[in-house]
Amino acid sequence: QVQLVESGGGLVQAGGSLRLSCAASGRTFSTYGMGWFRQAPGKEREFVAGISWSGGRTSYADSVKGRFTISRDNPKNTVSLQMNSLKPEDTAVYYCAADTDLRRFASGSYSTQRSEYDYWGQGTQVTVSS
């Protein structure tokens, strides 16, 4: 069982920055691909960013590319999302999630599909005012 706890959300003006963190329980965190997703009111939960178990591979949704950066610290069991140049359309509940698939671990990859993530945090609200 993996428990994920997000923190760092809040209210920020457009153009500002926030840093989200996700703390994971368990001794096998370093074998998981990790992702950040977000869900705005009335919309589907969407992929924001992902990172491989080693941190060597990352990817981003086009809407956040160049503004957001995902990183991880395996000894501390944490994954972070640095969000810069925030826009009102970034307003959503942000979730971190763990991809524990062993085949993707072996290939050093991770999923960008919501359905392939096995564990989820409770979410943290990010609100960007215009």
Is it the case that one hydrophobic cluster holds both [X] and [Y], taking links as side-chain heavy atoms less than 4.5 Å apart, direct or via other members?
| X | Y | result |
| --- | --- | --- |
| Y117 | Y95 | yes |
| V93 | W120 | yes |
| Y60 | M34 | yes |

Mind checking whether [X] and [Y] have side chains closer than 4.5 Å, heavy atoms only?
| X | Y | answer |
| --- | --- | --- |
| V79 | I51 | yes |
| T28 | Y32 | yes |
| S80 | R19 | yes |
| T127 | Q125 | yes |
| F37 | R114 | yes |
| T31 | F29 | no |
| L86 | F68 | yes |
| Q122 | V5 | yes |

Can a side-chain donor-acceptor contact be found between [Y] and [X] if the only test is distance below 3.5 angstrom?
| X | Y | result |
| --- | --- | --- |
| T100 | D118 | yes |
| S17 | N84 | yes |
| R38 | Y94 | yes |
| Y110 | S59 | yes |
| T69 | Q82 | no |

If you take all heavy atoms of [X] and [Y], which pair is closest and at what distance?
| X | Y | answer |
| --- | --- | --- |
| I70 | G50 | CG2-O, 3.6 Å |
| G108 | W53 | CA-NE1, 3.9 Å |
| A24 | L4 | CB-CD2, 3.5 Å |
| V128 | T91 | N-OG1, 2.9 Å |
| D99 | E116 | OD1-O, 3.8 Å |
| C96 | E6 | N-OE2, 2.9 Å |

message: Let's go through Q1 and Y119 carefully: what are the C-alpha distance in whole Å and the side-chain angles of both, what is the deciding distance for side chain to side chain contact (heavy atoms under 4.5 Å, CB included) to 0.1 Å, and is it a yes or a no?
response: CA-CA 8 Å; Q1 191 76 1; Y119 298 99; 3.9 Å; yes
query: What do you reckon, are the aromatic ring centroids of F47 and W36 less than 6.0 Å apart?
result: no
Enter the distance from [X]:[atom1] to [Y]:[atom2] here, rounded to the nearest 0.5 Å.
| X | Y | atom1 | atom2 | answer |
| --- | --- | --- | --- | --- |
| K87 | S63 | NZ | OG | 8.0 Å |
| D90 | S85 | CG | OG | 9.5 Å |
| L81 | C22 | CG | SG | 10.5 Å |

- prompt: Are any of the side-chain nitrogens in D62 or K65 under 4.0 Å away from the carboxylate oxygens of its partner?
  reply: yes
query: So with a 6.0 Å cut-off around CD of Q3, is the heavy-atom count from everything else above 12?
result: no
task: Just do the side chain to side chain contact (heavy atoms under 4.5 Å, CB included) check on E46 and Q39 with the steps written out, would you?
output: CA-CA 6 Å; E46 63 176 0; Q39 187 167 17; over 6 Å; no
query: Given the rule in the side chain to side chain contact (heavy atoms under 4.5 Å, CB included) test, do L18 and V126 qualify, once you have shown the distances and angles that lead to the verdict?
result: CA-CA 9 Å; L18 281 175; V126 171; 3.9 Å; yes
